[in-house]
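One structure is given here, and the rest of the page talks about it.
Within every chain, numbering begins at 1; the chains are lettered A, B, ... in the order of the sequence lines, protein sequences first and strands thereafter. Bear in mind that the values here come from a model prediction, so they are computed numbers and not experimental data.
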Amino acid sequence: MTQISWTIQNFRYLLKTCISHRNLLTGKSLHTLYIKSIVPSSTYLSNHFILLYSKCGLLTTSHHAFHHTRHPNTFSFNAIIAAYAKESLPSIAHHLFDQIPHPDIVSYNTLISAYADCGQTRPALGLFKTMRQLCLEMDGFTLSGVITACLNDVFLIRQVHCFVVFGGFDAYASVNNALLSCYSKEGFLEEAKRVFNEMEEGKDEVTWNSMIVAHGQHKEGAKALALFQEMVKRGFDVDMFTLASVLTAFTSLKDLLGGLQFHAMLIKTGFHQNAHVASGLIDLYSKCGGGMLDCRKVFEEVSGPDLVLWNTMISGYSLNEELSEEALDCFREMQRCGKTGSCTGYAQHGIGTESLILFEHMLEQNISPTSITFISVLSACAHTGKVEEGQKYFNIMKERFGIEPEVEHYSCMIDLLGRAGKLHDAEKLIKSMPVNPGSIGWAALLGASKIHGNMEMASKAAHKLLQLEPSNAVPYVMLANMYASSGKWEEAAMVRKLMRDRGVRKKPGCSWIEINKRIHVFVAEDISHPMIKEIYKYLEEMGRKIKLAGYVSDLRCSLVKDDEIDAGEKEIKLRHHSEKLAVAFGLLSTKNGEPILVIKNLRICGDCHNAIKFISAVSGREITIRDTHRFHCFKEGQCSCGDYW
DNA sequence: TTAGGGTTAG
């Protein structure tokens, strides 16, 4: 048998191939072979074994390889620091950094990025300052890391931006990409665009991807899709990052049809099995009315679902949560017994919901939940009135998983208690919060007070909100509407005047529906649509039919003073709310039996919710309304939210 | 050897 003698060059070549292909199996065999071989000890090879294990996510093995390196050099330290940085362990990385006799620019860059990834601005800037004091050379890696470390502080980002321009670092694509991305994440799309435009020929794939996602995040989906087309036209490579970014554009446009076509393309290319892309798809379907069955199919296609994929599914279910027939029966029974004020019966009967079942499955798979997972879980409990479960999960997040509740978790709990009619408990929770409740907490209490018609609590919450956010129209409108619906016209007028005096403008309510690839938008009492006469006529006829079926209009929702118009006119005004117009147009423009989907930019009005339940029964159609809070799927006279939203 | 880009909540 011929003995093959391996040389260092053989090992070098094969090891580099293993690293670039992330081929752990071959890499490990190579490592065993190297240890047994007579090849002299090589720091180069040892360093690359550290890298291989780090890139394949084996931190302990990587550290082991570092530990067994006979003569570690700066490269060896840099490689193991990068491994700890990747696992978000900057303090250990720093400890290793301190042991390097002569740290080089890569050592600094790696440690700066380690801190940046964990949002630790100060230590990252400290290292940057040291580099300046030592007159060490800097490069694009350094500045990209420093910029990322400044995320959440736009003043710092601007200061570093000045440094970049005056130091000539704006020649690096990575530096501009970091600036572009940070400006966008901070909400400054215009500044991101300026960076993009000034890059001229210096753009790379990352620049385009960042710009697409920036537009998607700022709800400029159409521009994001146009950028994607431009990127392809200019010959840039499309990768997973691009595809996931494009999906957010479809989601922001609520363009389910476009998303479906894009999904077909993803299946052809096989990219749909990538966890990031799949998360984007699930988010799209769950937010645009695609249904959770399709989400489940996408989820099952992914071989190794990651944490975000689980979170996206749980959140999707929480948005689409349907109360089971059993739960609805229980609720109806409670209503019959006159216990309408409280919905805690759901919790008392321990009825499971899909998102909570999925959450338990996630725990069985030993996937550790994060703070975001708990926001979805608690929000699902709030949507379905599961007070006891909500309290249980709120407690275990700290006790079992060591996650400190943040203002968002408290806000879910306030929402949960408030919706269930426990307004005083909700207020007590706000007062006992160790973190500042901010506007989110008070907004949750205001919403719940409105549901339960508790004027006193609503006024308290609204006034807190007006102090915190004087330019936010929501508390003014909610408070004025509550006064108006309870006949307190003077108070309603005072709130409206205050709003006018402060120059606060209400976001006009509108609803839209897509028919034959065209979006039709309606505002209340719309007269602009070409089919508006037919729509009004249809609603008039439908109004008669649903009245016969038992519908009674809720005139409190018309919010017009009694002596201004009579009840008949109020009823007409109610009939012409934007969501009713969109529903009527949808029913007129589609075939019998076809389901329709309407989207509204605000919360659905109480009278519309009731009327559409009747319309679904009379027309025999499935009507889905997606409002800012959740999906309402109306079928045979019932809504999936169980009148609890 | 090190960077910048994607998915989840409110």
Worksheet item: So, do A:His31 and A:Tyr53 have ring centers that fall under 6.0 Å from each other?
Response: yes
Practice prompt. Select base, sugar-phosphate, or nothing to describe what A:Lys55 touches, counting heavy atoms under 4.0 Å on all strands.
Written response: sugar-phosphate
Worksheet item: Looking for any heavy atom pair under 4.0 Å, which part of the strands does A:Ser279 touch: base, sugar-phosphate only, or nothing?
Response: base
Item to complete: Check salt bridge (Lys or Arg N to Asp or Glu O under 4.0 Å) between A:Lys450 and all other residues, then give those that pass, not counting sequence neighbours.
Response: none
Discussion item. Aromatic contact between A:Tyr84 and A:His94, with the criterion being ring centroids under 6.0 Å apart: yes or no?
Written reply: no
Item to complete: Determine the contact category for A:Lys287: base if any of its heavy atoms lies under 4.0 Å from a base atom, sugar-phosphate if only primed atoms, P, OP1 or OP2 are that close, otherwise nothing.
Response: sugar-phosphate
Worksheet entry | Sugar-phosphate, base or nothing in reach of A:Ala173, heavy atoms under 4.0 Å | base
Worksheet item: For the ring pair (Phe, Tyr, Trp, His ring centres under 6.0 Å) test, which of A:Phe163, A:Phe141, A:Tyr108 pairs with A:Phe128?
Response: A:Phe163
Item to complete: Check every strand shown and say whether A:Asp204 touches a base, only sugar-phosphate, or nothing at a heavy-atom separation below 4.0 Å.
Response: base
Worksheet item: Quick one: how far along DNA chain B does chain A reach, first to last nucleotide 5' to 3', anything under 4.0 Å to a heavy atom?
Response: B:dT1 to B:dG10
Discussion item. Does A:Leu51 reach a base, just sugar-phosphate, or nothing at all? Heavy atoms under 4.0 Å.
Written reply: sugar-phosphate
Fill in: For A:Tyr34, all residues meeting ring-ring contact (aromatic ring centres under 6.0 Å, His included), sequence neighbours excluded
A:Phe11, A:Phe49
Worksheet item: Hey, can you pull the residues of residues 212-226 of chain A with a non-hydrogen atom under 4.0 angstrom from DNA chain B?
Response: A:Val213, A:Gln217
Worksheet item: Should the pair A:Tyr410 and A:Phe394 be assigned to parallel (<30°), tilted (30 to 60°) or perpendicular (>60°) ring geometry?
Response: perpendicular
Practice prompt. Could you tell me whether A:Ser107 contacts a base, only the sugar-phosphate backbone, or nothing, with contacts defined as non-hydrogen atoms closer than 4.0 Å?
Written response: nothing
Worksheet item: For A:Lys203, does the NZ atom have more than 12 heavy-atom neighbours from other residues, nucleotides or ligands under 6.0 Å away?
Response: yes
Practice prompt. For A:Ser174, report the nucleic acid contact type (base, sugar-phosphate, nothing); a contact means any heavy atom under 4.0 Å.
Written response: base
Worksheet item: With a 4.0 Å cut-off on heavy atoms, is A:Asn274 in touch with a base, just the backbone sugar-phosphate, or nothing at all?
Response: base
Practice prompt. Give the ring-plane orientation class for A:His68 versus A:His64, where under 30° counts as parallel, over 60° as perpendicular and anything between as tilted.
Written response: tilted
Worksheet item: How is A:Thr74 classified with respect to the nucleic acid when contacts are heavy atoms under 4.0 Å: base, sugar-phosphate, or nothing?
Response: nothing
Worksheet item: Contacts to DNA chain B from residues 123-130 of chain A, heavy-atom cutoff under 4.0 Å, which residues?
Response: none
Item to complete: Can you label the angle between the A:Tyr183 ring and the A:His161 ring as parallel, tilted or perpendicular, going by 30° and 60°?
Response: tilted
Discussion item. For a quick check of understanding: with a heavy-atom distance under 4.0 Å over all strands, which category does A:Asn47 fall into, base, sugar-phosphate or nothing?
Written reply: nothing
Practice prompt. Any ring-ring contact (aromatic ring centres under 6.0 Å, His included) involving residues 218-237 of chain A? Give me the pairs, sequence neighbours left out, ordered by first then second residue.
Written response: A:Trp208-A:Phe236
Practice prompt. May I ask you to establish whether A:Arg296 and A:Tyr285 are in a cation-pi arrangement, using a distance under 6.0 Å from NZ or CZ to the six-membered ring centre and at most 45° from the ring axis?
Written response: no
